[in-house]
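By convention in this document, chain letters (A, B, ...) are assigned in the order of the sequence lines, proteins followed by strands, and residues within each chain are numbered from 1. Every heavy atom of this structure was used, including side-chain atoms; hydrogens, water molecules and symmetry mates were not.
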Amino acid sequence: MLPMLQVTGLSAGFEDVPVLDGVSMTATPGSTVAIVGPNGAGKSTLLKAVYGLARVRSGRVVFRRDGAEHDITGWPPHRLTALGLNYVPQTDNVFAALSVRENLLLGATARPRQALARMERLLVEFGPLRTVLDRPAGALSGGQRQSLAVARALMSEPVLLLLDEPSAGLAPSAVGTVFGHLARLRSEGLTIVIVEQNARLVLARADNAYVLEGGRNRYEGPGPELLQDARVVELYLGGGAHATTPATPAAADQ
Amino acid sequence: MARGNQLIRVLAAVFALTMTACGGASSSSSGNANFTLKVGMVLPFTGDLATYGPSLDKSARMAVKMVNDALKKDGINVTVQVAGSEDDQTTPAAGVEAATKLVKTDGAQVVVGSMSSGVTLAVAQSVAIPNNVLLVTPTSSDPALTTLKGKNQLVWRIYPSDLLQGAALAQAMGDTFGKSATINVGARNDAFGTALAQEFERVWKAAGGKIGQEVIYNTNQASFDADAQKLASGNPTAWMIADFPPTFAKMGPALVRTGQWAPAKTFMTEAMDNNDSLNQIGAPATDGLRGTAGSAPAGPSADAFESAFKAANPGAKFTSFEGTSFDAVVLASLAAVKAGSADPSKIKLQMRAVSGPSGDKFGWQQLPDAFKAAQQGKSISYQGAWGQIAFDQNGDPTAATYVLWQHQAGQTTNLKTFPFGQPR
Amino acid sequence: MNASLRGGTGAEVDRTRLLEVRDIVKRYQGVAAVDRATLNVAEGSITALIGPNGAGKTSLFNIVSGFARADSGSVRYRGRSISRLPPHRVARAGSVRTFQQPRVLRRLTVLDNLLLAGPRQPAESFWRALAPGAGRRDQELRRRALELLALVRLDDRAEAYAGVLSGGQRKLLEFAKALMAEPLLVLLDEPLAGVNPTLRELLLQRLREVQAGGGITFLVIEHDLGSVLRVSDEVAVMSEGRVIFQGSPEATRRDPAVIDAYLGSAEAIVASGTPG
Amino acid sequence: MLDPGFWSFVGLTAGIYAIFALGLQVQYGLAGLLNFGHVASMAIAAYTMAILVVRFGLAEWQAAAAGIAAAMAAGLLVGLTSLRLRADYFAIVTICFSEIVRYVLLNRQDLTGGPEGTIGLLGRGQAAAYNTDWDSLIARVRETVSSVTGLDVSRDILMLLLIWLVAAGLLLVVRRASVMPWGRVLRSIREDEEAASSVGKNVFARKLQALALGAAIAGAAGVLYALQFSFFTPDDFEPLVTFFAWVVLILGGAARVFGVPLGALLFGLLFAGTRFFDFWPLSLLDSADRAYLRLIIIGLLLIGLMYYRPQGLLGRRQEMLLE
Amino acid sequence: MSELPQLIVDGLVSGAVLAIAAVGVSLVYGILHLVNFAHGDYLTFGAYAGLGVTALGLSMVVATVVAVAATAALAVGLQLVLWGPVRRRRAGLLSSFITAIGLALVLRHAIFLVVGAGSRAYPVDQFSVERLGPVRVSISQLIAISLSIVAIAVIGVLLARTSIGRSMRAFADNPELAAVAGVDVGRIVLATWLVAGALAGLAGELQGLIQGAFDPNMGWNLLLPIFAAVVLGTIGNAYGALLGGFVLGLVMELSTWSVLGGGIPASYKYVVAFLALILMLLVRPQGLLGRRARAL
């Protein structure tokens, strides 16, 4: 099966500061792909570069859907949204001054048809949002915001969702809720590329995973396999970690 | 004054005109009668008073043309030339810049301008007086101009000082409403309005009258209704309002809307003595309106001037102040011809002699005769388009008599003429 | 007051508690970013402050450095409460911080960025700046600034605008700037993030050198645990607004609560209590 | 057209604007403060001086010093109340403050002469003058110069020299201070207040100082303006004057001290030079239309200058893009 | 005593114009980060566009439509020929501001050049009044009130209910996220100018109506109160600008209320308004509708 998203040798950054240095990855339709790695590895930048928010210096991003192939390298976000991609940023991912309802409807900008019906359907899944529909999003708790951000992205009926650290700064119960949403979306066949700090959480759930470090590909493989890989833990806890730590990766996979 | 034969005069005139056309004519301000008088205009074409400047410029240029025609007709070898018209942007600094340019680079000997007293005072102090140039302001009415330090007869004005106007108004209103009546006073918030209001109130109270509300309103504000409400309130005997037509076009209707105000119980000044403007503002705000004006051949002569202006400047707006800049140009030219020189220090000595009140009377339509008389060194009492202007020793117009005008059924008429003693 | 904070009370100061943070609470819109955090920094140590994103480390830094005011709790520095001091007073007292997103002064040169941080500059007063010889102190500072720039290998960029530096270079500049202030305590917020591996080693090495040589104490927030655990004497781990552990690097690596907090748990469970 | 009489006037006006904009340079170019009510400082200084001379009989130089001090005090007042506001809100507070000052000057006729201006300071019918000593001083200088050199130097040329002398002095002082640590602290505040306070700089006090110093310099411009024009009214201090100072500053290059005199000269040239746009075919237009056209051309030139050199004459594009 | 209700109505009328104009300024600032100093002259343009139509003998209704459409077209056109290129040059806030001063000079004096300096008026009866209880309202004011109610309703619906309005507010709130959410930035910029221009055209015409007579300086004179309204209601917040306009209008008119120590003299209207603004900012530094920014 041809991948839905194919990133080849992508170098990108902001202004004159390069962050990514020739990163490649693919995501097959319906799969969940995790991007992990220590801080500063370029994980978020990878998502932003795919979504037209970081300046691409070289490399190619290809998106395939319904048999058509689009070279989307450097496309502006609104065209990508129309094509069926969406992206949930890590922070500042709701319009604080707008109501929850407006946030949701805004997500449908690229696909305005039957937006209300879609919103109703989403509100079945994202039940708690219904009670705060007319509150400004700025007044929501962290978990509600994250739910809202995901729901807003879904309003554009994407087939590929890019998520940047959805668990960051959330209380554990809220993390549970958000990952619950993701599990359901996965079961509905949505392709997900997720950057996550909480490596154990995400690797356990990923069909495939890429470990980045210093703006380059380091390791890749099926998520649970990588989770067993001591080298990954080493990358996180640093040089001496696996020498002094008694086999944490195994213990972690409860 | 030497008199050459006809041929030489014609040749000289042709020469002068050619030089003028080439723009290179240099003024010869010698004692003989062959000279070119350069007049420059400093007027507000932009800024707050932009609605007036262009019309005053047009009437000044109309005066230049009529003066030249008259001089030609008389065979007098004098040409009045427009040195230029510069925009003072209704700000003193730009006004000084404009006047400096006219005087220094265009060689103007007479400056006509400006309208707002602030600009005129600045131009007088910074340009006219130090450079020994004659300044005739068409409309500045600030009393401060009278006592301006060191002006040395270089500064003159056509519009009367508010001191005079305020006292005349008080007298006329006292005659009409009784000296102890209560008057509400409204005034635009500028030098003209506030000075007139204060002077009127001073005289009115001194004579035993009462002042009800006093409303000083900003001219550029978004709405006048609250101001009008206040001005109309308190059930006074009558109103005195110091304003110009364009602002009163906003204030008047607002006053009518209060339902507590009556134009027939309101006095204004000669700034409003213009049929056209009053009709434009509309009868509900102007019908029965009265006001004072320095004694003038108003009525037919003023109307004739308005028609002449409109004929000469098709499509131009008539603001009612056009006569002032017209008269400024004519008076300065008359004085120059009488002095036989374009030298401002000589012209200034003749300004009073051509303005009256003594001497033969010449209206603004009799310029050839007036110039002939001036060339012959006679005293003239010029009956201007704005009114009779008889300068006093301070360069202010005086009027021995005032008229009381009223606007009724679309017509402005003079109700009566009344004698008025100078306050000084 | 500044002077006394800086040096006057040396005799009574408890050397193990140069900085003493007690029960700090800070809420933003009802959510506790810092939740009864308690922490000690011993004089002369390098103390690492680690923990996952959103644990409240930077919020705690903001409170310690005077940029934010705690809702409750106390911060004592050299035995004195600094909870209510504005940032510039805290800095003048010798406690200097860096920022996670390097706050370099973009339209000042790299050298000027450093010179700015130099202490005791009389010509920072307007009138003294006009006096002859006002530039003399600058000459002294310049020598030290160039040394520090050489230390972080930015000496060749001294005259460039700081705004053109790369992210990593900016981090290095921030580090140098903190040292330029002749501090007693430096709070480093993720000094290694975005710094390339060679410079990273350099920076760690410098950190050690400076600590050993200059008697400067460091409190370091860092995600690169491998590096930071290597150089630190003491480690404090924050999670969900609390300091859940404070101890030696070795003990940190072995602590299961720390590992859970850091790598995350496979299931979203509430992290269990604070160790003593 | 090249008559020195006119251009010396243009030059001295430009000099006053240079000093005026230099105050803004300290406030914005160095400290990053968006002061949109700068003209208030000028108004307060000029009026304080005139009122003290006319009503309280102070010596002119004392009154001038008091005027500058008053401008400075007003700057401090605005700063103390409003400096903690966000930059754009601070901008609007300052412009409102300057309008309040202007309306009070306009309406408190008993104190200020009202719309009539300073000439009415003694009340109706008396022409008040606040610069008699100054004028006689200038006259004496003119006499001395002509007796020594035989040249008749006009008042404007003397003022031109004096004003630019003051401008040069202030420029050099500001320039000197700005390359010293003092300027560095202010520029650091302009770039990032928190970064500055993190290395021990008292941001609020510094901003207040910059505001007061800028106000004092603008006050000096106000005093010179008063001395040059011998007379002024509240209309001289409309908000537009502040914006013209901004034009001067940005034209020259906001962060460059020597951009200020250059910007002022360009600005003066723009307004005065366009008065000579009366050649064919413009000469076919009537005076009013030419006046409109002149301001249209000034507007277009401003747009063009900002398009082709958004960083100003002396500004560095790189610096602007780093903003 | 009919003074108070009368003042309130007068305040609402002049506030309505400020409010309508301020929404446009606020959107432009919030979305384009442009302090459009020429906005007042957009108002003037609208007023004269409407006047041109009435001069042809057509009704005020047609005049309103034309004023709105023509000013919207002007605003969009200027975005295409001026602001777009300026933005692409990455001009800073201040050089754009100077550009706007230049544009204001050009526009105003171009209008002078075309229509001349005299003051003009719409062919609407300025004198007859309707009595609504204790309040007297002129025809112009009635037209102004009803049109502004319609306009505010339309603005409200547009901003709250339509996709484009939501996108505009979203963009003002968080431009990066708006792009992420699929909002087409180029379209939003044009839509913003379209809305701001249309509102400026309407506000200009209404101002001309209630003022009775107007000249090419009309809009310029209104600029500062408009900006004050924008700030009063929180910069960049469209609803705030509406509120700010009305508050400012009311404050100005009510300051003359005789109960307040005999009423503050009318010549201090602006002083009162600006003082109120400053005091409000000192108490609520984020404006009436602003949220307090999170520290760090």
Original post:
So which of B:Leu255, B:Leu231, B:Ile216 has the largest heavy-atom pair count under 4.5 angstrom toward chain E?
Top reply: B:Ile216
Residue part contacting chain E, namely of [X], when any heavy atom lies under 4.5 Å:
X	answer
B:Asn189	side chain
B:Thr258	backbone
B:Glu214	neither
B:Ala285	both

Original post:
Do you know which of E:Ser255, E:Gly212, E:Gly118 has the most heavy-atom pairs under 4.5 Å to chain B?
Top reply: E:Gly118
Original post:
Run the side chain to side chain donor-acceptor pair (under 3.5 Å) check on E:Gln6 and B:Asp225 step by step: do they pass?
Top reply: CA-CA 9 Å; E:Gln6 184 70 50; B:Asp225 285 291; 6.0 Å; no
Heavy-atom pair with the smallest gap, counting every atom of [X] and [Y]:
X	Y	result
B:Phe45	E:Phe112	O-CE2, 4.4 Å
B:Val256	E:Arg136	O-NH2, 4.3 Å
E:Ser119	B:Thr51	N-CG2, 3.9 Å
E:Ala266	B:Val215	CB-CG1, 4.2 Å
B:Asn218	E:Tyr270	ND2-CD1, 4.1 Å

Subject >> Close side-chain approach of B:Ile281 and E:Gln126, heavy atoms under 4.5 Å >> reply: no
Original post:
Taking C-beta and beyond as the side chain, do B:Asp48 and E:Asn221 meet within less than 4.5 Å on heavy atoms?
Top reply: yes
What is the distance from atom [atom1] of [X] to atom [atom2] of [Y], rounded to the nearest 0.5 Å?
X	Y	atom1	atom2	result
B:Thr46	E:Asn217	OG1	CG	8.0 Å
B:Tyr217	E:Thr256	OH	OG1	15.0 Å
B:Phe224	E:Ile210	CZ	CD1	11.0 Å

Heavy-atom proximity to chain B below 4.5 Å, by part of [X]:
X	answer
E:Arg131	neither
E:Gln207	side chain
E:Ser138	both

**OP:** Step by step, work out the side-chain contact (heavy atoms from CB on, under 4.5 Å) result for E:Ser14 and B:Gln221.
**Re:** CA-CA 10 Å; E:Ser14 39; B:Gln221 63 193 21; over 6 Å; no
Original post:
Using a heavy-atom distance cut-off of less than 4.5 Å, which residues of residues 240-252 of chain B contact chain E?
Top reply: B:Pro246, B:Ala249, B:Lys250
**OP:** Mind running side-chain contact (heavy atoms from CB on, under 4.5 Å) on E:Lys269 and B:Asp227 for me, showing each step along the way?
**Re:** CA-CA 10 Å; E:Lys269 256 188 203 179; B:Asp227 313 65; 2.6 Å; yes
**OP:** Apply the test side-chain contact (heavy atoms from CB on, under 4.5 Å) to residues B:Arg257 and E:Phe127: give CA-CA distance (whole Å), side-chain angles for both, the deciding distance (0.1 Å), then the verdict.
**Re:** CA-CA 6 Å; B:Arg257 291 196 290 268; E:Phe127 302 106; 6.0 Å; no
